[in-house]
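What follows is a short report on a single structure.
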2 protein chains.
Amino acid sequence: MQHISSDSVLRNLLVTISYDGRSFHGWQIQQNGITVQEVFQNALRNIVGEFYDLKGCSRTDSGVHANMYCISVKIAHPIPPERLKAALNRWLPQEVACLDCSEVAPDFHARYACKSKRYVYKIWNSDTRNPFLNGYALFYRYPLDAELLNRAAQDYVGKHDFTSFCTPDKRKMGDMTRNVKSCEVIRDGNLVTFTVEADGFLYNMVRIMVGTLLDISSGRLAPDSIPKIIAKKDRSCAGITARPCGLYLDRVNY
Amino acid sequence: MQHISSDSVLRNLLVTISYDGRSFHGWQIQQNGITVQEVFQNALRNIVGEFYDLKGCSRTDSGVHANMYCISVKIAHPIPPERLKAALNRWLPQEVACLDCSEVAPDFHARYACKSKRYVYKIWNSDTRNPFLNGYALFYRYPLDAELLNRAAQDYVGKHDFTSFCTPDKRKMGDMTRNVKSCEVIRDGNLVTFTVEADGFLYNMVRIMVGTLLDISSGRLAPDSIPKIIAKKDRSCAGITARPCGLYLDRVNY
């Protein structure tokens with residue numbers, strides 16, 4: 001069923017999409033549910049007539065959203081990038097949008113070429129839920145002091161071994177050092193947003209960073225505990241893994 | 001099945017809710033689908049043990065949202081308003097939130113006591129859809145000049161017979177005069193928002209006001225055509241009825 005044309009005639013394309021993660025079991029194709037990779041692969045095949053190997057910029061968990069997600073794919077079909085964008089928007093489901101298509105160098109790889117990524121985590125902080133943010137933000141009813149959490153979050157910044165902020169995963173052993181370039185917690189009315197940019201992220205890293213801040217807020221952890229948790233290199237020292245619904249892959253930098 | 005306690009022991013409560021209209025066939029109970037009135041009535045019965053007659057501040061169409069919707073209801077149960085709010089938020093589905101409960105004068109009626117209402121209509125104006133606004137805004141791909149539309153919309157302001165902006169409905173004949181207090185079209189990035197406040201609205205009035213502005217934008221109608229359309233008192237002279245997904249009941253003033 002799968003047919004890949006010979007490499008010599010292939011153009012390498014960078015496709016940027018956004019998607020509402022409520023409808024998907026993450027990016028990567030799996031048996032148990034519909035994934036973004038699967039619907040994208042099907043849409044592309046309907047346009048160019050062949051299955052192609054997609055290189056996604058990262059895995060995302062089930063329920064996680066993407067304001068910007070990048071895919072590189074080598075295709076034989078001569079369709080111009082602008083027309084491919086329009087065609088993808090016709091074939092993709094409403095929950096996915098193609099934002100841009102462009103031709104890139106033959107050796108460009110959406111995952112390995114990535115210099116940094118930015119994630120955003122949204123928290124609806126009120127004693128009353130917001131029906132419009134159901135599945136789009138974490139509903140957290142206890143008071144959050146965004147300024148306190150912003151100060152605490154600065155301890156994430158820098159080059160650290162983030163073992164304590166990674167769900168153990170046999171598939172992903174190796175160097176656990178990541179360089180967090182910036183971290184910010186801001187409040188806009190009842191919406192509290194955590195934004196983090198790093199050269200890369202470990203499995204569940206942002207969700208554990210957020211969960212640790214929530215545990216600092218509730219008093220289970222001290223405001224200055226993040227450096228100690230990092231030093232321990234032990235997942236059990238950090239906070240909970242915050243639910244996926246508040247997480248957005250926001251920007252991918254090449 | 002329905003049981004109403006004697007009027008003498010009833011307290012009159014004003015309940016404010018918000019809801020995501022994607023999940024509902026409007027406010028009013030009907031055979032064909034789940035409505036907000038139905039889920040609210042069921043939640044209330046689970047708490048106070050009886051069915052009560054709900055007075056909603058307005059009908060809303062299928063798919064229309066509410067940032068603020070008001071209900072008055074006379075109940076015999078002695079539950080304090082704050083506890084009723086919390087209990088409603090446990091029993092209501094995620095797509096509805098109870099924002100407030102308070103006791104009001106015995107003759108207060110959520111619909112008849114209303115001095116004015118404000119509606120908001122959201123348009124995602126871009127050549128590419130926004131997957132997060134699917135069902136939450138109208139996706140309109142042709143350029144909209146918000147300043148031009150804002151100037152045209154000022155012709156809606158004032159006390160007019162809005163017959164041209166009403167879907168004919170046998171159930172609602174009578175005075176077609178409404179006093180539009182303010183109208184505004186603003187752009188924030190790709191999001192164009194139409195806001196209108198009036199002492200009352202006819203059936204589909206906001207959606208036809210928006211559709212007429214879209215027809216002005218496309219050139220099918222002239223920018224100065226609104227006073228002429230109002231004068232004709234003929235629905236066929238106005239623009240299309242814009243889709244319900246962009247419409248939000250935003251505020252109810254008593």
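Computed from a prediction, not measured in an experiment: that's the story for all the values here.
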Parallel, tilted or perpendicular: which one describes the rings of B:His65 and A:Phe132, with boundaries at 30° and 60°?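 Perpendicular.
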
Other residues, nucleotides and ligands only: do more than 12 of their heavy atoms fall within 6.0 Å of [atom1] on [X]?
X        : atom1 : result
A:Glu147 : CD    : no
A:Ile79  : CD1   : yes
A:Arg220 : CZ    : yes

Using non-hydrogen atoms and a 4.5 Å limit, figure out which bit of [X] sits close to chain A: side chain, backbone, both or neither.
X        : answer
B:Asn130 : neither
B:Phe139 : neither
B:Leu92  : both

Does any part of the side chain of A:Thr128, heavy atoms only, come nearer than 4.5 Å to the side chain of B:Asn89, both counted from C-beta?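 The answer is yes, as the side chains (C-beta and beyond) meet within the 4.5 Å cut-off.
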
Do A:Leu99 and B:Arg129 come close enough that some side-chain heavy atom pair is under 4.5 Å?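 With C-beta onward as the side chain, the pair stays apart.
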
Could you check which of A:Lys85, A:Gln94, A:Arg22 has the highest count of heavy-atom pairs closer than 4.5 Å to chain B?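 Max contact count across the listed options: A:Gln94.
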
